[in-house]
Amino acid sequence: YTVQRPQAATVAKPSPMARNNDVINMDDFRAGSEESNAGVPSGKSSNWTPTSPRPVPAFYPLEKSTRLVEDETPMEVATRLSESLRYMSVQAVYNDEAATASLYTAENVEMHMSLWMTPSTAQQNGVLVELQRRKGDSMVFHRYARRILDAAVGDLEQEELADSVDADKLYSKKVQRLLSPELKNQEHQEHENAVVALEIAHGLIMKDRMDARQLGLESLCLLTDPKKTGYMTAVLASHVVLLGSTVGVEIGGVTDDAANESILMNEGPFREIRETILSLVQFSRIAEDEDDEVASPESESMILLHNLALAVLANALEVVEHPERYVGETGEEAEDTKQPSRPRLKTQGSGEIAKDFLSQSQEFTKKELLSTLIGELGNANAKPHNATLSAKCLGSLCRASDEAKRRAKELGAKNVVATALDVGVKTHLKLETECQKVFRAMETQND
């Protein structure tokens with residue numbers, strides 16, 4: 001006979017109403033998350049309370065990504081997994097009755113996790129934690145699977161899970177330092193390579209195939225991320241995403257008439273990149289696809305493109321806020337004074353860019369961007385990854401512009417962010433962190 005795998009059911013948990021206060025008391029949020037956890041180990045809270053996991057059925061082939069946890073109850077394992085997923089900022093939809101969970105990462109990888117009891121005939125007794133990849137990048141899946149399974153048996157502390165992202169960032173910085181001597185003679189070409197890369201991304205985005213559009217947006221995510229590309233490339237790409245132009249960017253040491261002409265030769269593709277990003281963020285569609293049922297905002301492909309567009313926008317706003325954050329940030333670069341210096345960039349202030357961006361986006365879409373970002377935050381319980389990116393965008397805009405800060409308050413951002421913060425405290429560390437940054441930005445006066 002055929003053994004059906006248990007399926008995770010969607011369990012909607014209503015978010016508590018946010019208090020109408022200017023000051024957010026984090027103790028209140030954390031206290032609320034510790035209620036209703038009968039049977040959970042003392043001092044810990046859990047979003048997952050499986051009743052009684054089933055034993056592994058006969059002839060059921062367990063995945064290789066399975067780990068045995070000995071001498072612990074299913075509740076103890078579930079509690080540790082639930083908190084570990086929060087630290088890793090993985091969205092989880094739990095099914096207590098079936099002892100399963102559907103997991104969704106920020107990289108759009110979908111996983112299925114099951115808890116099984118070992119059969120009575122097994123030599124070792126305990127709880128089996130099984131992970132299956134359903135969608136997404138297999139390499140990303142294995143990276144998450146190793147961390148989740150290590151956390152399940154207690155080999156990784158929760159703080160180590162949260163710091164793993166910073167380790168990847170530090171590694172990329174060391175690689176750039178090692179490669180800098182070889183790239184010394186190519187510094188003057190970096191801006192030209194950036195323009196070529198942007199034109200390739202534009203060509204992919206404007207195709208009518210969803211896979212090409214996805215690849216184009218993923219390329220823009222890389223181009224606007226200084227941890228994965230040169231900071232000069234990130235600054236140029238960010239200006240294209242926000243303003244549809246590279247006007248106002250001056251490259252010290254290489255900016256002359258010829259260089260300016262190579263950058264400004266044809267900015268039509270740059271404007272189309274900005275318009276596409278705004279359409280996806282504001283309406284979850286591309287303007288030319290209004291009558292296409294496959295490209296409807298509710299389709300799976302458009303949901304993915306909407307998420308990628310939010311990621312591109314969040315990266316771009318962070319770059320223009322701190323255009324040289326990733327140069328000489330850790331102090332390691334300062335140890336070797338013989339390293340070649342990179343050309344310095346001169347750009348507009350972040351306040352001017354934010355003002356122009358909000359004005360142009362309102363003119364193009366006829367819809368207020370701040371209202372869209374706040375609306376995404378209001379849906380944090382269902383889509384915490386999108387809410388995290390929206391909070392990141394909102395925080396950057398509020399730090400750069402007093403006008404954006406004032407308008408966000410008028411739109412009721414504080415109450416919405418407070419509700420999203422509650423979701424983050426319970427289930428999503430990155431969402432919690434970004435919401436806290438938004439609150440600080442809204443209370444701080446800009447220079």
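Residue numbers start at 1 and run along the sequence shown. Predicted model, so just to flag it, every value in this text is computed and none were measured.
The pair K392-E318 meets the salt-bridge criterion, since a charged nitrogen lies less than 4.0 angstrom from a carboxylate oxygen. The pair D150-R67 counts as a salt bridge, with a side-chain nitrogen and a carboxylate oxygen less than 4.0 angstrom apart. Taking a cutoff of 4.0 Å between a charged side-chain nitrogen and a carboxylate oxygen, E432 and R86 qualify as a salt bridge. Contact check on E300 versus K135 returns a salt bridge, with a Lys/Arg side-chain nitrogen under 4.0 Å from an Asp/Glu carboxylate oxygen. Ionic pairing of K426 and D422 is present here: one or more N-O contacts between side-chain nitrogen and carboxylate oxygen are shorter than 4.0 angstrom. Between E368 and R407 there is a salt bridge, since a side-chain N of the basic residue sits under 4.0 Å from a carboxylate O of the acidic one. By the 4.0 Å N-to-carboxylate-O rule, E275 lies too far from R271 to be salt-bridged with it.
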- Message: If you apply the rule side-chain hydrogen bond (donor to acceptor under 3.5 Å, both in side chains), what do you find for S396 with E321, and how did you get there?
- Response: CA-CA 7 Å; S396 295; E321 183 182 0; 3.3 Å; yes
- Message: Evaluate H428 against V423 for side-chain contact (heavy atoms from CB on, under 4.5 Å), listing each step before the verdict.
- Response: CA-CA 7 Å; H428 203 284; V423 175; 5.6 Å; no
- For side-chain contact (heavy atoms from CB on, under 4.5 Å), just list the numbers for N193 and T233, CA-CA rounded to whole Å, side-chain angles, deciding distance to a tenth of an Å, and then say yes or no. CA-CA 8 Å; N193 294 335; T233 300; over 6 Å; no
- Going through the distances and angles, do L149 and L131 end up as a side-chain contact (heavy atoms from CB on, under 4.5 Å)? CA-CA 8 Å; L149 295 176; L131 276 172; 4.2 Å; yes
- Could you give me the CA-CA distance, side-chain angles and deciding distance for V235 and M232, then say whether side-chain contact (heavy atoms from CB on, under 4.5 Å) is met? CA-CA 5 Å; V235 171; M232 184 187 301; 5.9 Å; no
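What you find for A152 and V129 is that their closest heavy atoms are CB-CG2, 4.1 Å. Nearest heavy-atom pair across V240 and R274 is O-CB, 3.7 Å. The heavy-atom pair separating G154 from R80 by the smallest distance is N-NE, 3.8 Å. Of all heavy-atom pairs between F270 and G244, the closest is CB-O, 3.4 Å. The minimum heavy-atom distance linking A413 with M442 is given by the pair CB-CE, 3.9 Å. Residues I374 and A408 share a closest heavy-atom pair of CD1-O, 4.0 Å.
Here the side chain of Q282 pairs no donor or acceptor atom with the backbone of T365 at under 3.5 angstrom. Although no hydrogens or angles enter the test, the distance criterion places no donor-acceptor pair under 3.5 Å between the side chain of S390 and the main chain of L377. Listed for the S89 side chain is a donor-acceptor partner under 3.5 Å among the backbone atoms of K430. Remark: the backbone N or O of A382 is paired with a side-chain donor or acceptor of Q91 at under 3.5 angstrom. Looking at R133, its side chain does come within 3.5 Å of a backbone N or O of G136 through a donor-acceptor pair. Between the T105 side chain and the V109 main chain, a donor and an acceptor come within less than 3.5 Å of each other. A donor-acceptor contact shorter than 3.5 Å is absent between the side chain of K409 and the backbone of K414. In this structure a side-chain-to-backbone donor-acceptor pair under 3.5 Å is present from T118 to G126. A donor-acceptor distance shorter than 3.5 angstrom exists from the side chain of H385 to the backbone of Y104, with no hydrogens or angles considered. Looking only at distances, a side-chain donor or acceptor of D96 sits under 3.5 Å from a matching main-chain atom of T49.
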Taking distance alone, no hydrogens or angles, what donor-acceptor pairs closer than 3.5 Å link side-chain atoms of residues 307-314 to residues at least two apart or in another chain?
unit_1, atom_1, unit_2, atom_2, d
N307, OD1, N108, ND2, 3.3
N307, ND2, N386, OD1, 2.7

Kindly list each side-chain donor-acceptor pair under 3.5 angstrom involving residues 216-223, sequence neighbours excluded, with atom names and distances?
unit_1, atom_1, unit_2, atom_2, d
E218, OE2, Q214, NE2, 3.1
S219, OG, L215, O, 2.9

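From Q360, atom CD reaches atom CG of L243 across 5.5 Å, with rounding to the nearest 0.5 Å. Y231 OH to L236 CG: the interatomic distance, rounded to the nearest 0.5 Å, is 10.0 Å. Atom-to-atom distance recorded for R213:CZ and L280:CG is 8.5 Å, nearest 0.5 angstrom. Of the inter-residue distances, the one linking T276 atom OG1 with R285 atom CZ reads 12.0 Å to the nearest 0.5 angstrom. Distance check: H306 NE2 to S301 OG gives 13.0 Å after rounding to the nearest 0.5 Å. Here L370 contributes atom CG and Q362 contributes atom CD; the two are 9.5 Å apart, rounded to the nearest 0.5 Å.
Within the 4.5 Å cutoff, the side chain of L103 has no heavy atoms near those of the E110 side chain. Looking at H112 and T100, their side chains come closer than 4.5 Å, going by heavy atoms from C-beta outward. Under the 4.5 Å side-chain criterion, counting only non-hydrogen atoms from C-beta, L421 is in contact with Q436. Side-chain contact between L278 and F357 is present, with at least one heavy-atom pair separated by less than 4.5 Å. Inter-residue side-chain proximity for M88 and E83 is flagged as unmet; no heavy-atom pair is nearer than 4.5 Å. Here the side chains of R54 and M117 are not in contact, with every heavy-atom distance at 4.5 Å or above. Counting only heavy atoms from C-beta outward, the side chains of E130 and M113 never approach each other to under 4.5 Å. Contact check for M111 versus R134: no side-chain heavy atoms found under the 4.5 Å cut-off.
Using cut-offs of 30° and 60° for the angle between ring planes, the Y94 and W48 rings count as parallel.
Atom CD of E410 sits in a crowded spot, with more than 12 heavy atoms from other residues, nucleotides or ligands closer than 6.0 Å.
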